[in-house]
Amino acid sequence: MKVKWTCLKKDEGSMARRGRLETPHGTVETPVFMPVGTQATVKAMTPAELEEMGARILLSNTYHLYLRPGADLVAAHGGLHGFMQWQGPILTDSGGFQVFSLGELQKIREEGVEFRSHIDGSKHLFTPESVMDIEGKLGADIAMAFDECIPYPATYEYAKAATARSGRWAARCKAAHCRENQSLFGIVQGGMYKDLRAQSAAELVEMDFPGYGIGGLSVGEEKPLMYEVLEHTTPLLPQEKPRYLMGVGSPDCLVAGVLRGVDMFDCVLPTRIARNGTLFTSQGKLVIRNSQYKEDMRPLDEQCSCYACRHFSRAYIRHLFIAGEILGARLATIHNLHYLVSLMAELRLAIEENRLGQTAARLLNAWGY
RNA sequence: GGAGGGAUUCCCGAGUUGGCCAAAGGGGGCAGACUGUAAAUCUGCUGGCACUGCCUUCGAAGGUUCGAAUCCUUCUCCCUCCA
C-alpha cells in the first residue's frame with residue numbers, strides 16, 4: 001500500500017490541520033514530530049525506548065546508509081524495519097541535505113551530484129535514479145525525492161537554477177520510483193524567493209505526489225523570514241496531502257509550523273543538544289551542566305512524565321554529564337524527544353478542542369516568542 | 001651523616017644562554033552554540049583592577065641588574081641514591 005493522509009479537522013483560527021497518516025507500518029496522528037535516526041539508529045535510543053516515549057515514525061538517511069553499511073546489507077535484513085528493528089513507519093531522506101551540508105565535498109551537475117565520502121574520501125555519484133534504487137532497498141514507508149537544499153543566502157539566479165534542477169530531478173525520481181509499499185514525496189525548494197517557491201510547488205503538484213516536503217528552510221535565515229516563506233508556501237500545496245517541513249525543529253518552530261499548516265517535522269536538534277547537555281522544558285531550555293543545578297533535587301521538568309523525569313534529579317543527571325557518563329546523554333535524549341512528541345500531542349488535542357490559539361500562545365511564550 | 005634532584009598561576013606541567021612572561025600545553029572550572037546529524041561535538045573565558053594601562057604572582061627572605069620565574073646568598077620543605 002501507499003501512504004494515505006486524511007484531514008480530520010481544520011483549525012478555524014489558523015492554517016493548522018489535525019490529520020492521520022496511514023502507512024504500511026501503521027497509522028500516525030498528525031501533526032507529528034519524527035525523531036531522526038540518520039544511521040539507522042536514533043542516537044543512544046533503543047526502539048523500545050522510542051516507542052515508550054511516544055515516537056511513532058522515524059527518519060533515516062540514504063546518504064549515510066549507502067556509504068555505510070551499504071543498501072544491500074540493509075535490504076538483506078528485509079529493509080530498515082528489519083535492520084534496525086523498528087516496526088513503525090520510517091521515512092528516508094534522500095541525501096539532498098548532505099549535498100548542502102557537505103559543501104566542498106561535492107559537485108552538482110544536471111545528471112546528479114558527484115561527491116566524496118566524508119568517511120574515506122572515495123568518489124561517488126548520486127542521481128535521482130540511483131537514489132531511488134537505494135531508497136527502494138532501504139525500504140522505508142516514505143522516500144524523499146533527491147533534491148538540492150539551497151544554502152542561505154543564495155542569489156536569485158542560483159536559487160532559480162537549483163530549484164528548476166530539483167524539479168527535473170523530482171520528475172526523474174517519480175519515473176524511477178517503483179517499489180511497492182513505499183511512497184515518494186516531492187520537495188518544494190525555491191530558497192527564500194516567493195516566486196520560485198510558487199513555481200516549484202506548482203511543478204511538483206502537477207506531478208501529483210502523495211505528500212510534499214518543504215525543504216531549504218531553517219538553513220541559517222532569521223525566523224521571521226522562514227515563517228514568511230513557510231506561510232507563503234503551504235497554501236500552494238494541496239489541502240488533501242500531507243506537508244512535511246524538513247529539518248525543523250525547535251519547540252517554537254514546531255508550534256509556528258503547525259500554525260502555518262505543516263503536518264510533519266523532523267529535526268536532529270532534540271537529540272543533538274541532548275547529548276550536548278541542553279534540555280527542553282516547560283519553562284524553556286535548561287543547560288544541565290550549569291553549576292546552578294549541582295544540588296538541584298528536582299526533575300529536569302516538573303511537568304514532564306518521561307522516564308528520566310520520573311526517576312532522576314537534575315543533580316544526578318548533571319553529575320552524569322560532568323563525569324562523561326553515557327547515561328547522561330541517554331536520559332537527556334529520552335527527555336528531549338519525549339518533550340517534542342508530547343508537544344505535538346498537545347497541539348493535536350488543542351486543534352481537536354478548538355483551542356490551538358491559546359495553547360500555541362502559551363508554548364511560544366515559554367520559548368520567548 | 002654523604003651525594004644529587006626539585007619546589008611555577010585551582011591541579012599536572014613547560015619555561016631556568018636574564019627582557020618578546022600574567023607565564024606554553026593539558027586537566028579541572030565557568031559560560032555559550034547546536035534546526036532534512038562529517039557532532040557524546042565545537043567555541044570562548046579562566047590572578048586582580050579604576051582593564052589600549054596599572055598592581056600582585058613562579059617555596060621564603062635578601063642581593064646583583066635599567067630589568068629576575070630565570071643569576072647569587074641564606075633558609076624551609078620534598079624526592080632519589082650511598083652509608
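Throughout, protein chains are lettered first and strands after them, A, B, ... in sequence-line order, and every chain is numbered starting at 1.
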Kindly assign one of parallel, tilted or perpendicular to the pair A:H25 and A:H81, based on the angle between their ring planes and the thresholds 30° and 60°.
parallel

What's A:K223 touching, base or sugar-phosphate or nothing? Going by heavy atoms closer than 4.0 Å.
base

Both distances below 3.5 Å, Watson-Crick or wobble geometry, any strand: find the nucleotide opposite B:U64.
none

Give me the ring orientation class for A:F312 and A:Y307: parallel if the planes are under 30° apart, tilted from 30 to 60°, perpendicular past 60°.
perpendicular

Searching all strands shown, indicate the nucleotide that pairs with B:C77 (Watson-Crick or G-U wobble; both distances under 3.5 Å).
B:G6

Paired with B:G1 by Watson-Crick or G-U wobble geometry, both distances under 3.5 Å: which nucleotide is it?
B:C82

Under 4.0 angstrom, heavy atoms only, what part of the nucleic acid is A:T271 near: base, sugar-phosphate, or nothing?
base

Listing request: all salt bridge (charged side-chain N to carboxylate O under 4.0 Å, His left out) pairs with a residue in residues 70-91 of chain A, at least two apart in sequence or in separate chains.
A:D72-A:K137

Heavy atoms from C-beta onward define the side chain here; which of B:A33, B:C30, B:U35 lies closest to that of A:K285?
B:A33

Just checking A:G213: base, sugar-phosphate only, or nothing, at a heavy-atom cut-off of under 4.0 Å?
nothing

Which is true for A:Q292 with a 4.0 Å heavy-atom rule: it touches a base, it touches only sugar-phosphate, or it touches nothing?
nothing

Any strand is fair game: report the nucleotide pairing with B:U56 by Watson-Crick or G-U wobble, both distances under 3.5 Å, or none.
none

Would you mind pulling out the nucleotide paired to B:C42, Watson-Crick or G-U wobble, both distances under 3.5 Å?
B:G32

Look at all strands and tell whether A:N290 reaches a base, only sugar-phosphate, or nothing, counting heavy atoms closer than 4.0 Å.
sugar-phosphate

State which residue, out of A:Y66, A:F185, A:W169, fulfils the ring pair (Phe, Tyr, Trp, His ring centres under 6.0 Å) condition with A:F146.
A:W169

Atom-to-atom span, NE2 of A:H124 to P of B:A38 - whole angstrom:
15 Å

Looking only at the side chains, is there a donor atom on one of A:H319 and A:E325 sitting less than 3.5 Å from an acceptor on the other?
no

Could you say whether A:V287 or A:I322 is positioned toward the 5' end of RNA chain B, judged by the nucleotide with the nearest heavy atom to each?
A:I322

Classify the nucleic acid contact of A:S218 as base, sugar-phosphate or nothing, counting any heavy atom under 4.0 Å across all strands shown.
base

Residue A:T278, side-chain atoms from C-beta onward, closest of B:G36, B:C34, B:U35
B:C34

With side chains defined as the heavy atoms from C-beta onward, is the minimum distance between A:C304 and A:T281 less than 4.5 Å?
no

Please state how far atom CG in A:L230 lies from atom C1' in B:U35, giving the value in whole angstrom units.
14 Å

Classify the nucleic acid contact of A:L245 as base, sugar-phosphate or nothing, counting any heavy atom under 4.0 Å across all strands shown.
nothing

To the side chain of A:S291, which of B:U35, B:C30, B:G36 is closest?
B:C30

Strictly under 4.0 angstrom, non-hydrogen atoms only: write out the protein contact profile of nucleotides 39-44 of chain B, one letter per nucleotide from the 5' end, B, S or -.
BBB---

Side chains of A:K2 and A:N181 only: does a donor on one sit below 3.5 Å from an acceptor on the other?
no

Under a 3.5 Å limit on both distances, the Watson-Crick or wobble mate of B:A22 is none

Evaluate the ring-ring contact (aromatic ring centres under 6.0 Å, His included) criterion for residues A:F33 and A:F265: first the C-alpha distance (whole Å), next the side-chain angles of each, then the deciding distance (0.1 Å), finally the verdict.
CA-CA 5 Å; A:F33 176 77; A:F265 302 85; 7.7 Å; no

Take the protein atom CD1 of A:I288 and the nucleotide atom P of B:G32, then report the distance between them rounded to whole Å.
13 Å

Name the residue closer to the 5' end of RNA chain B, choosing between A:R318 and A:D266 according to the nucleotide with the nearest heavy atom.
A:R318

